[in-house]
Amino acid sequence: MIEIPKTYSPAAVEDRWYAAWLRHGFFKSSPNPAKEPYTIVMPPPNVTGVLHMGHMLNNTIQDVLIRRARMQGKEALWVPGTDHASIATEAKVVAMLKDQGLDKREIGREAFLEHAFAWKEKYGGIILEQLKKLGASCDWDRTRFTMEPKLTAAVIQVFVDLHRKGHIYRGIRMVNWDPVGRTAIADDEVIAKEMPMRMFYLKYELVEDEVRSDEVRSATFEVEREANAPRTSHLAPRTYIVVATSRPETIMADVAVCFNPADERYQHLRGRKVRIPLFNKEIPIIFDDYVSADFGTGALKVTPAHDINDYELGLRHNLPVIDVIHEDGTLTEAAGPYAGQDRFAVRKQIGKDLDAAGLLVKVDDYVTAVSTSERTGAVIEPKLSLQWFLKMEPFKEKALAAVMSDEVQLVPPKFKNMYRTWMEGVRDWCISRQLWWGQRIPAYYLPDGQLVVAETDAEALAEARRLTGDLNLPMTALRQDDDVLDTWFSSWLWPISVFDGFEDPDNADINYYYPTNDLVTAPEILFFWVARMIIAGQEWRQQVPFKNVYLTGIVRDAQGRKMSKSLGNSPDPLDLIATFGADAVRTGMLFSSPAGNDLPYDQKLIEQGRNFNNKLWNAFRLLKGWEVSADAPQPEAAALAGQWFTARLNQATGQIDEHFAAYRISDALLTVYKLIWDDFCSNYLELIKPTYGEAVDAATLAQASGHLETLLRLLHPFTPFLTEEIWHLLHERGEREYCCVAAWPTSGPVNNALLTQMAAAFEVVQAIRNQRAAKGLSPNLALPLVARDGTALAGLEAVVRKLANVSAITVGEAPAGAVPVVAGGAELALVLPVGSFDVEAERARLLKDLAYAQGFLASVDKKLGNEKFVANAKPEILATEQKKRADALAQIAALEAQLRAL
RNA sequence: GGGAUGUUAGCUCAGCUGGUUUAGAGCGCUUGCUUCACACGCAAGAGGUCACUGGUUCGAAUCCAGUACGUCCCACCA
């Protein structure tokens with residue numbers, strides 16, 4: 001026979017099988033009315049992204065689900081693709097251009113997009129190639145890209161449709177401005193980060209337009225005392241309001257100072273004015289409930305252009321808006337001497353200037369949550385700008401109901417509450433982005449300021465001509481909106497657009513595959529992706545896009561930190577695959593990752609996966625290494641083992657199916673893991689193993705191969721490569737006979753009686769081995785066993801003899817020098833070689849067992865002695881308790897008898 | 001500040017509608033073994049008053065309330 005290496009080497013195997021699967025087109029799918037569809041659309045990774053541990057977890061789960069469905073005979077389709085990720089990609093391209101000495105704004109939109117597409121062609125989709133290394137069984141012929149022409153057309157079509165329905169509007173709103181990306185970003189893309197900040201206490205001089213100085217003085221003194229300000233004598237004639245702010249660089253944009261209407265300290269200031277420090281501009285004092293009297297000094301500087309609350313305050317009090325910050329974070333002309341400088345530089349400088357002018361009372365250091373951009377990390381600037389919005393009100397109720405009624409089931413369900421909170425408080429969606437990489441908003445402005453929204457230039461022109469009545473209006477008279485749409489405005493269409501459901505709403509694909517079955521994604525995008533896909537599904541297909549949403553956890557390092565590029569704490573998945581094999585990485589990721597739970601990553605898990613693969617490999621080696629005897633009879637132990645393992649297999653298959661039904665993927669894996677390691681290798685193979693040097697009988701080998709094959713099928717979704725390899729090495733296969741398309745095992749009737757009997761026999765075996773270990777006796781030394789009565793082992797003598805290496809089993813009284821073994825309901829004695837029996841040690845062991853048994857009996861008796869228990873407990877519970885009592889009594893009697901015999 | 005969720009062995013987690021559980025698994029640990037598939041292994045073993053305090057119940061890791069600590073989500077406090 002051919003020499004099989006004793007260590008499994010995945011590297012040589014994985015690429016070969018992946019290529020074979022592709023060659024046979026096993027992952028391809030097309031509508032097949034005879035089969036039930038099972039569909040997953042991949043959450044599209046960023047087109048310029050590289051594989052990280054989060055992708056590994058996510059895509060492994062998807063692959064496990066899709067491979068199992070395929071084996072179950074469903075028409076399984078996993079649609080891959082990438083997302084154009086406007087901000088992230090545009091940032092990368094801008095950085096690349098910068099390296100080449102080019103500036104985005106200088107080269108212009110068209111040239112920029114050429115560079116961007118060139119970049120995408122070169123680096124885009126690397127991540128999909130990496131997923132192939134993981135074994136992802138996607139239908140690659142269906143790979144889509146959110147910015148490809150067809151999907152772009154869908155986006156434009158949807159925009160126009162929503163605009164026609166009156167759900168899209170354009171308005172000035174306070175948005176989260178990213179000064180680095182120079183674009184507005186959505187609330188969801190803002191990350192609050194704890195940062196050290198400084199609170200400046202500034203003096204706003206009261207304008208003395210009337211003589212009420214006594215009152216004013218008393219009020220301001222109080223304020224100054226609160227602020228621990230030194231009394232500055234040369235300023236004595238003047239009085240000040242002390243205002244706390246973390247943003248002194250915006251004081252020139254202040255339009256008022258505001259107090260709480262109930263704040264007694266400031267009542268007399270109604271109708272008065274103050275001067276902005278350094279700038280000496282007079283602004284009014286106003287009162288509004290928004291301000292808390294007990295925060296800071298109770299005085300708020302109102303800066304409508306740079307704070308959302310101040311903006312609303314400004315609207316209520318009819319105040320002007322002064323914008324002092326440019327799109328890139330530098331200050332405008334309105335900032336006077338500070339114009340052109342960066343906001344943070346000005347903050348520093350103005351602090352110094354205020355101090356020098358005696359206008360700074362004090363500065364406090366504190367830590368607070370600051371909004372930053374998820375994509376660029378820049379500190380967000382609340383900024384007023386003209387943006388496009390999608391109304392959420394028309395959609396929220398239905399989208400909420402879909403999840404609350406479990407029409408879309410979230411796994412785990414704890415996320416339902418989060419979803420509800422968000423959906424109930426959802427705000428209009430700002431869908432415009434001041435970028436170039438993305439779908440350009442199909443809105444056109446006419447010279448007279450009128451607006452036309454249309455799918456194409458030609459349609460826009462026609463409409464414009466109709467509006468203006470000018471039939472010769474040239475296209476050049478129309479100016480298209482410069483902004484592009486938010487990336488999520490294309491991803492929310494993904495489950496429909498990958499099947500061309502917008503271009504051709506009644507095509508065979510969309511009718512067959514939609515709605516999809518499972519979506520596997522991270523909880524952090526539950527709102528801005530999952531929720532919106534539900535809305536889109538309901539709006540354009542009148543049907544939710546998926547039945548189940550499996551929310552994964554976050555992969556963390558040993559210190560519990562999120563794995564990230566910047567921390568450098570993430571291993572390179574491809575290195576891991578090269579070192580341990582994709583199967584090992586897949587199982588490692590799944591060992592400890594129930595839905596919604598974070599995965600504390602530890603390389604040990606991957607190693608465990610590799611060890612497991614090697615274990616199975618060696619089980620196969622063992623079978624393959626045996627000589628076969630055609631006419632040898634099947635030994636009793638092997639026959640019993642065969643029946644028993646069939647029962648275990650049926651039992652475990654049922655459990656695995658249950659785990660899958662409840663999306664307990666880790667549990668499903670662990671069940672196969674133990675079935676293979678403990679039941680198949682440790683018990684079954686040991687039981688059927690022929691005596692050294694002898695051949696195995698043909699029946700047993702055939703049975704064992706059959707069992708192994710079933711195990712391969714159960715394990716295939718988790719470790720596709722290894723199982724495929726063994727599948728083909730086990731015996732010759734037909735042209736298209738592959739493990740990856742073999743039938744998923746179905747569970748048959750379980751012989752529970754046999755399972756119970758065998759479990760008892762294994763207990764006996766363990767007790768005997770325990771004795772050997774305790775006495776330091778080699779497992780190779782065959783020992784005789786004496787049973788108290790002939791029924792003790794209930795026909796399982798062969799099992800005990802084989803596994804415990806027992807030479808003979810006789811019935812009768814235990815001879816002197818035999819060590820008692822009471823286990824699995826049997827009363828036995830193991831005959832040891834002379835001199836190895838220590839009576840005192842044995843007595844101690846028996847006494848310990850006796851004490852446990854008596855304790856157990858006491859707890860059962862306590863229950864049974866309780867009249868209320870006997871009166872109230874269900875009959876079957878009572879029966880169990882009585883059986884427990886009888887068993888305990890028998891056990892105690894046996895132990896006592898053995899103690900007397902010592 | 002609001003909401004969700006968790007606290008079970010050294011670590012990571014099961015324990016699904018209270019009763020075969022004086023609590024299980026994997027890893028780790030201890031001891032012995034290079035035994036003929038596998039040392040990426042085999043065998044045996046140690047290890048937990050189920051966060052705390054009350055309550056409901058014949059019976060609580062499991063249900064309820066409170067406390068402590070943790071995690072996550074949401075939120076405009078200058």
Side-chain angles (χ1 to χ4, degrees), chain A residues 4 6-8 174 187 192 199 243-247 258 290-292 295-303 307-312 368-369 371 382 412 414-418 420-422 425 523-524 526-527 554 558 560 580 584 591-594 596-600 602 604-605 607-626 658 662 664 666-667 670 673-674 681-682 685-686 689 691-693 766 769-774 776 778-780 852 855-856 858-860 862-863 866-874 876-881 883-884 887:
Chain A
I4 305 170
K6 69 178 188 176
T7 304
Y8 170 63
M174 186 68 76
D187 291 344
M199 183 69 76
V243 176
T245 180
S246 59
R247 306 209 54 192
C258 186
Y290 166 69
V291 177
S292 325
F295 189 92
T297 61
L300 170 74
K301 74 184 204 56
V302 182
T303 321
D307 185 285
I308 177 69
N309 302 297
D310 291 13
Y311 177 68
E312 282 161 15
T368 191
S371 297
K414 66 173 178 183
F415 287 106
K416 272 169 84 170
N417 256 315
M418 250 168 76
R420 189 185 58 212
T421 312
W422 182 81
E524 58 210 56
L526 183 60
F527 308 138
I554 294 165
F580 298 103
F591 274 132
S592 180
S593 51
N597 269 35
D598 286 357
L599 170 68
D602 185 342
K604 278 267 187 301
L605 291 169
E607 286 170 18
Q608 191 188 341
R610 176 203 56 189
N611 297 352
F612 172 59
N613 291 338
N614 199 49
K615 183 72 184 177
L616 181 63
W617 177 250
N618 275 287
F620 155 71
R621 256 184 90 212
L622 179 66
L623 285 192
K624 210 61 186 169
W626 286 334
E658 276 174 35
R664 293 192 295 255
S666 289
D667 289 342
L670 212 58
Y673 179 91
K674 287 196 274 193
C681 293
S682 296
L685 288 180
E686 292 302 327
K689 199 187 252 183
T691 319
Y692 179 59
Q766 185 170 323
R769 285 170 174 172
N770 182 357
Q771 285 306 306
R772 285 179 186 277
S778 161
N780 291 328
Y852 182 88
F856 184 74
S859 80
V860 175
K862 196 177 156 200
K863 253 189 210 177
N866 184 333
E867 283 171 32
K868 288 180 175 172
F869 169 70
V870 178
N872 295 323
K874 281 179 270 178
E876 60 268 29
I877 300 296
L878 201 57
T880 342
E881 289 303 318
K883 178 162 190 311
K884 272 159 83 175
D887 289 352

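- Taking atom NZ on K604(A) and atom P on rC27(B), their separation rounds to 12 Å, with Å as the unit.
- The distance between atom CZ of R420(A) and atom C1' of rC73(B), rounded to the nearest whole Å, is 13 Å.
- Heavy atoms of V302(A) sit nowhere under 4.0 angstrom from any nucleic acid atom.
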Any protein N or O atoms within reach of nucleotides 23-26 of chain B? Criterion: under 3.5 Å, listing atom names and distances.
residue: rA25(B); atom: O2'; partner: K674(A); partner atom: NZ; Å: 3.3
residue: rG26(B); atom: O2'; partner: Q608(A); partner atom: OE1; Å: 3.2
residue: rG26(B); atom: O2'; partner: Q608(A); partner atom: NE2; Å: 2.5

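- Spacing between atom CZ of F527(A) and atom C1' of rC72(B) amounts to 11 Å, rounded to whole angstrom units.
- When atom types are taken as modelled, the side chain of D307(A) and the backbone of P382(A) share no donor-acceptor pair closer than 3.5 angstrom.
- Taken to the nearest 0.5 Å, the CD atom of E867(A) stands 11.0 Å off from the CG atom of N872(A).
- Summarising the geometry, the separation between CH2 on W422(A) and P on rC74(B) is reported as 11 Å, rounded to the nearest angstrom.
- The CG atom of N309(A) sits 8.5 Å away from the CG atom of L300(A) when rounded to the nearest 0.5 Å.
- Nucleotides rC33(B) and rU20(B) have their C1' atoms positioned 36 Å apart, rounded to a whole Å.
- The same atom, C1', is picked in rG28(B) and in rC40(B); the two are 16 Å apart, to the nearest Å.
- Annotation: rG10(B) and rC63(B) have their P atoms spaced 24 Å apart (nearest Å).
- Across all strands shown, rC77(B) forms no Watson-Crick or G-U wobble pair with both distances under 3.5 Å.
- rU53(B) sits 37 Å from rU31(B) when the P atoms are compared, rounded to a whole Å.
- For the pair K416(A) NZ and rC73(B) C1', the computed distance is 18 Å after rounding to whole Å.
- The line from CG of N618(A) to CG of L616(A) is 9.0 Å long, rounded to the nearest 0.5 Å.
- For the atom pair CG (L526(A)) and CZ (F415(A)), the distance works out to 7.5 Å, reported to the nearest 0.5 Å.
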Exercise. Could you run through nucleotides 37-47 of chain B and give me one letter per nucleotide, 5' to 3': B if any protein heavy atom sits under 4.0 Å from the base, S if only the sugar-phosphate is that close, - if neither?
Key: BBSBSSSSSS-

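- Distance N866(A) CG to rC58(B) P: 9 Å, rounded to the nearest Å.
- Between the CG atom of D310(A) and the OH atom of Y290(A) there is a distance of 6.5 Å, given to the nearest 0.5 Å.
- At a threshold of 4.5 Å between non-hydrogen side-chain atoms, the residues R247(A) and T303(A) do not count as touching.
- Between rU17(B) and rA60(B), the distance separating the two C1' atoms is 15 Å to the nearest Å.
- One distance of note links CZ of F580(A) with CG of L605(A); it measures 11.0 Å at 0.5 Å rounding.
- Spacing between rC29(B) and rC11(B) at atom P, rounded to whole Å, works out to 15 Å.
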Quiz item: How does each nucleotide of nucleotides 2-21 of chain B score, in 5' to 3' order, for protein heavy atoms under 4.0 Å: base (B), sugar-phosphate only (S), or none (-)?
Solution: --S-------SSS----BB-

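- Remark: the separation of the P atoms in rA78(B) and rG18(B) is 47 Å, to the nearest Å.
- Listed nucleotides rU35(B), rA78(B), rC76(B) differ in distance to N309(A); the shortest reach to its side chain belongs to rC76(B).
- Aromatic ring pairs are classed by plane angle as parallel below 30°, tilted from 30° to 60° and perpendicular above 60°; the pair F620(A) and W617(A) is tilted.
- Nucleotides rC36(B) and rU21(B) are separated by 38 Å at their P atoms, to the nearest Å.
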